[in-house]
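Presented below is the structure to which this report refers.
Start at 1 and go down the list; that is how both ligands and their atoms are numbered. Bear in mind that the values here come from a model prediction, so they are computed numbers and not experimental data.
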Amino acid sequence: MLNIVIFGAPGSGKGTQSKLIAEKYKLVHLSTGDMLRQEIAQGTEIGTIADALISKGNLAPDDLIIKMIGLKIDAHKKNCNGFIFDGFPRTVAQAKALDELLAKHGKKLTLMIDLHVEERLLIDRLLKRGLTSGRADDNLDVIKKRLEVYHKVTVPVLDFYKQSGRYVAVENCTTIDQYFERIIHLIEFSICGF
Ligand code: ADP
């Protein structure tokens, strides 16, 4: 089983790369952002809570996110090659919970892949995406807040994975294909050690 966390700032291309990885390795793609947006679109109770937080650039509560991911792992674990976690974990508490959720099924996280993108590019990309995404959080004020939350609350997650030897980074790439090629190389290396 291949279980991968794709990590990075808002706008770093986590979603794009996750889709490509999921397709190549036949993994289940779990995006907590997509799950929350679905709850919002369906007008559920979780959606109402999430909407108020997301539209201001704040994170959803850990317990809610951990429960959501736990249910998805339970639902798919029997017949899948593994998972790609996109936008999760975003806090150290979530990272610890993910290890526990996988351990419950005798599984481990294979790799955490950190996508490095210059901050200037992130803001440009998110503003551009905002023109067509219809997302309430793709505007300058909320983008700044999301980046602030990322640095304060999410970046410490990197240390958690560095300490346990599961951290790899992809940097100095320009195109989607270039990022993907490097990611494949890192995944193959972690599987086969070459
Ligand atoms: P991006 O990485 O571009 O911010 P996402 O779709 O991953 O996009 O997340 C959008 C928003 O959803 C986040 O800003 C946050 O409010 C909420 N969210 C997504 N994943 C999590 C998570 N793991 N924990 C808490 N909040 C989350």
Side-chain angles (χ1 to χ4, degrees), residues 3-22 28-73 83-102 109 112-158 160-161 170 176 179 183:
N3 296 307
I4 296 172
V5 165
I6 193 100
F7 188 92
S12 57
K14 298 186 293 293
T16 305
Q17 296 299 330
S18 295
K19 282 194 192 91
L20 294 170
I21 299 165
V28 175
H29 175 195
L30 297 181
S31 156
T32 41
D34 285 350
M35 289 178 209
L36 293 170
R37 281 185 290 276
Q38 203 174 345
E39 297 281 347
I40 294 171
Q42 290 168 349
T44 65
E45 203 177 316
I46 291 178
T48 309
I49 298 168
D51 195 17
L53 294 161
I54 292 179
S55 60
K56 294 203 164 52
N58 292 311
L59 296 184
D62 283 340
D63 52 352
L64 185 155
I65 295 285
I66 292 164
K67 192 167 171 211
M68 241 173 37
I69 283 281
L71 289 173
K72 292 282 182 190
I73 293 177
F83 296 94
I84 174 117
F85 300 97
D86 161 12
F88 172 87
R90 257 177 155 94
T91 64
V92 174
Q94 291 181 15
K96 289 181 177 164
L98 176 59
D99 278 348
E100 284 165 19
L101 287 170
L102 292 172
L109 190 80
M112 187 269 215
I113 303 173
D114 179 22
L115 302 181
H116 276 224
V117 177
E118 264 180 70
E119 187 122 338
R120 180 181 51 84
L121 287 179
L122 295 173
I123 297 178
D124 283 355
R125 280 187 193 177
L126 290 167
L127 285 174
K128 209 172 279 172
R129 187 174 78 183
L131 299 175
T132 53
S133 70
R135 276 177 56 165
D137 56 350
D138 282 343
N139 61 75
L140 191 57
D141 283 347
V142 182
I143 290 169
K144 284 185 180 160
K145 175 71 181 172
R146 283 156 70 198
L147 288 169
E148 187 191 314
V149 170
Y150 169 74
H151 287 293
K152 212 190 273 174
V153 186
T154 305
V155 165
V157 173
L158 294 175
F160 176 79
Y161 287 109
V170 180
I176 290 174
Y179 271 102
I183 288 172

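Considering only non-hydrogen protein atoms, atom 20 (N) of ligand 1 sits nearest to Thr32 OG1, 2.8 Å. Of the protein's non-hydrogen atoms, the one nearest atom 12 (O) of ligand 1 is Ile54 CD1, 3.5 Å. What sits closest to atom 17 (C) of ligand 1 on the protein, heavy atoms only, is Leu36 CD1, 3.6 Å. Of the protein's heavy atoms, Gln94 NE2, 2.9 Å lies nearest to atom 24 (N) of ligand 1. Nearest protein neighbour of atom 22 (C) of ligand 1, counting heavy atoms only, is Arg90 CD, 3.5 Å. The protein atom (non-hydrogen) at minimum distance from atom 26 (N) of ligand 1 is Ala60 N, 3.0 Å.
In summary, Lys96 and Asp99 do not engage in a salt bridge, as defined by a charged side-chain N under 4.0 Å from a carboxylate O. Salt bridge Arg146/Asp138: present, at least one basic N to carboxylate O contact under 4.0 Å.
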Test side-chain contact (heavy atoms from CB on, under 4.5 Å) on Ile123 and Leu147; report intermediate values, then the result. CA-CA 9 Å; Ile123 297 178; Leu147 288 169; 3.6 Å; yes
Decide yes or no on side-chain contact (heavy atoms from CB on, under 4.5 Å) for Lys145 and Lys56, but give the supporting numbers first. CA-CA 8 Å; Lys145 175 71 181 172; Lys56 294 203 164 52; 5.9 Å; no
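Residues Thr154 and Leu59 share a closest heavy-atom pair of OG1-CD1, 4.5 Å. Minimum heavy-atom separation, Ser18 to Asp86: OG-CB, 3.4 Å.
Under a 3.5 Å cut-off, the side chain of Thr44 and the backbone N or O of Ile40 do not form any donor-acceptor pair. Checked by atom type and distance alone, the side chain of Asn3 pairs as donor or acceptor with a backbone atom of Phe83 at under 3.5 Å.
Contact annotation: Leu53 has no heavy atom less than 4.0 Å from any atom of ligand 1. In this structure, Met35 does not count as a contact residue of ligand 1, since none of its heavy atoms falls inside 4.0 Å of the ligand.
Counting heavy atoms under 4.0 Å from ligand 1, residue Met68 does not touch it at all. For Ile65, every heavy-atom contact with ligand 1 shorter than 4.0 Å involves the side chain, none the backbone. Here Lys145 has no heavy atoms under 4.0 Å from ligand 1, in either its backbone or its side chain.
Rounding to the nearest 0.5 Å places CE of Met68 at 6.0 Å from CG of Leu64. The CG atom of Leu71 sits 9.5 Å away from the CE atom of Met35 when rounded to the nearest 0.5 Å.
For ligand 1, the atoms closer than 4.0 angstrom to any heavy atom of Arg37 are 6 (O), 10 (C). Residue-ligand proximity, Gly11 to ligand 1, at heavy-atom distances under 4.0 Å covers atoms 3 (O). Using a 4.0 Å cut-off to heavy atoms of Arg129, the atoms of ligand 1 that qualify are 3 (O).
Considering each of Ile143, Asn58, Asp62, the one bringing a non-hydrogen atom nearest atom 15 (C) of ligand 1 is Asn58. With atom 8 (O) of ligand 1 as the reference point, the heavy atom nearest to it among Lys14, Arg125, Arg135 is part of Arg135.
Residue Arg146 has at least one N or O atom closer than 3.5 Å to an N or O atom of ligand 1.
Residues satisfying the salt bridge (Lys or Arg N to Asp or Glu O under 4.0 Å) test with Asp114, not counting sequence neighbours, are none.
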